[in-house]
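Remarks on the structure that follows.
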Amino acid sequence: MALQKPGIPKGTRDFSPAEIAGRELIFTTVRKIFQLHGYKPIETPAMESLSTLMGKYGEEGDRLIFRILNSGDFTSKVSEADWQQRDPGRLSAQICEKALRYDLTVPFARYVVQYQNDITFPFKRYQIQPVWRADRPQKGRYREFFQCDVDVVGSDSLLNEAEFLQIIDEVFSSLGIRVVIKFNNRKILAGIAQYIGFEDKLTDITIAIDKIEKIGLEKVNEELLERGLSQEAIGKLQPILQLSGSDEEKLQVLSSLLASSEVGMNGIEEIREVFAINALAPTACAVELDLTLARGLNYYTGAIIEVKALDAAMGSICGGGRYDDLTGIFGLQGVSGVGVSFGADRIYDVMKELGLFPQELGTFTKVLAVNFGQRERDYCLALLQKLRMRGVSCEMYPEPAKMKKQMQYADKNQIPFVVLAGESEMNQGLYSLKNMKTGEQLQLPAEELIKKVSTHI
RNA sequence: GUGGAUGUAGCUCAGUAGGUUAGAGCAUCAGAUUGUGGUUCUGAGGGUCGGGGGUUCGAGUCCCCUCUUCCACCCCA
């Protein structure tokens, strides 16, 4: 076989032990907090039926779904005419039955509908698994990445929205990341579209609003014109685009402008209520109303949430919202869901950049026993056995190699303690314990050594 | 999907107007030092110059294609 250059697909990564340690810290943190709020774990397969995924994420999303080619002779089912037509959408639907999941929310909706008779509603679940997107990789953008989703389905209560603000706050403060939570409501955006008389242009309007900070008011107006809005509608939009002041001031202006729009007023009410609940036990991080927060997956219908790190240039590290009709697509009507998704990989990148990972993360083994030969080795093996029974990670260097080599092994692996036992220790029934950080070394009997090592951890 | 940059040893990079056997630091391994690491000294291994094609007597260096990584747009975690 020809020599192959080792490598992995674009946008994917290998993780070293130290990186795993950092990721585990993130996973265990979110898992603990999710469980503290009563959420239960589920998992779903890496692949779903292509039809489950298609059409749920908008046109752009469909393009970014990784398809899985059917096994066997996938060509046989395609008609000659379809081959000739070369329509990618039509063809792929015929030769790909499966696809890698694009997010965790849609598979969750599928799960809820599929097991609706076994589920007690409201159903609170969390799910920590990788997802795949055929996007062009960039900083903080991968083709394989982990999402940590928490959702509740079967409850319309705005208490849920408020709870997610709490969860977000708890996660990021435990991790030591300073963040701001941006909050908005799709219903307000719908109200705005209604108010200016272009309900069908909701997407164009939201995209424009989203861009205002980036390209400025004038360019946004130009773009709106290009997208087919009338001059009059753009005029009516101006006070909204130029909204300023506190959240309450913004809401006041909006409620006078949108007075005639039922959805709009509804959205304003919802935001007020969530803010009111949040005020009972305010989050440490800022929560701000942000009308420019217009993006969000197609299926969001109410609240939209996005979290940004204050001290690092990174896209959103957590996002979510309410979706009223996602299970409806799979045949279960009248079940509303809300949830957020933490982007583990982006959170990792932010923490790395900010140096937020504790130094000890690189430590796996706590004690290394130096191997001086068979008799000494066996003498130490008994001690290691006892250490493990006390939950102390320890290992014996497998070869009677040179001392320097064994010490280097301990050093490189950030092992904090080394046990040495040779002729003199064995004669006294003792072990020498060396603290690699301080260099301090004492001779101790097994029990004392174990006590010393385990209290140190 | 659109536009722009990038690519030389495991890593960070040199490499002069195209001209013999492509260099450095760090890392790795070995020795100095057969019961003491992180410092030091000595030595060694390691490169089809991302891949393919072309121009040329001659290409790491110039041209084209492709891949990778990065940046912007789009979109998003």
query = When rounded to the nearest Å, what value does the distance between P atoms of B:rA22 and B:rU69 take?
reply = 30 Å
query = How would you label the contact of A:E59 with the nucleic acid (heavy atoms, under 4.0 Å): base, sugar-phosphate, or nothing?
reply = nothing
inquiry  = For the C1' atoms, the ones on B:rU20 and on B:rG60, what distance do you get once it is rounded to whole angstrom?
reply    = 15 Å
inquiry  = Counting the atoms with a prime plus P, OP1 and OP2 as sugar-phosphate, which does A:C318 contact under 4.0 Å by heavy atoms, base, sugar-phosphate, or nothing?
reply    = sugar-phosphate
ask   = Roughly how far apart, to the nearest Å, are B:rG3 and B:rU66 at atom P?
value = 12 Å
ask   = P atom, B:rA5 versus B:rC62: distance in rounded Å?
value = 14 Å
ask   = Separation of A:R346 atom CZ from B:rC75 atom C1', in whole Å?
value = 10 Å
request  = Looking at every strand, decide which applies to A:L420 at a 4.0 Å heavy-atom threshold: base, sugar-phosphate, or nothing.
outcome  = base
query = Quick one: do the A:E360 and A:T363 side chains pair a donor with an acceptor below 3.5 Å?
reply = no
query = Rounding to the closest angstrom, what is the interatomic distance between B:rU40 and B:rA59 at atom C1'?
reply = 43 Å
request  = Quick one, give me the B/S/- string for nucleotides 67-74 of chain B, reading 5' to 3', where B means a protein heavy atom under 4.0 Å from the base and S means that only happens at the primed atoms, P, OP1 or OP2.
outcome  = -SS-SBBB
ask   = Mind checking whether A:Y397 and A:Y409 have parallel, tilted or perpendicular rings, split at 30° and 60°?
value = perpendicular
Could you pull out the protein-nucleic contacts involving nucleotides 38-40 of chain B (nitrogen or oxygen on both sides, under 3.5 Å)?
residue: B:rG38; atom: O4'; partner: A:D411; partner atom: OD2; Å: 3.0

key: Whole-Å P distance, B:rA77 and B:rG4   = 29 Å
request  = Take A:G319 and A:S424, find for each the nucleotide of RNA chain B with the closest heavy atom, and name the residue whose nucleotide sits nearer the 5' end.
outcome  = A:S424
task = Examine A:F342 together with A:F146 and report whether their ring centres are nearer than 6.0 Å.
result = no
Aromatic plane relationship, A:Y323 with A:Y299 - under 30° parallel, 30 to 60° tilted, over 60° perpendicular = perpendicular
inquiry  = Which residue is it: A:T29, A:I177, A:I167? I am looking for the one with a side chain to side chain contact (heavy atoms under 4.5 Å, CB included) to A:F172.
reply    = A:I177
message = For the C1' atoms, the ones on B:rG52 and on B:rC70, what distance do you get once it is rounded to whole angstrom?
response = 23 Å
task = Could you tell me whether the phosphate oxygens of B:rA27, OP1 or OP2, come under 4.0 Å of any side-chain nitrogen or oxygen in A:K412?
result = no
Inter-nucleotide C1' distance (B:rC71, B:rC57), Å rounded = 42 Å
ask   = Do the ring centers of A:F15 and A:Y348 come within less than 6.0 Å of each other?
value = no
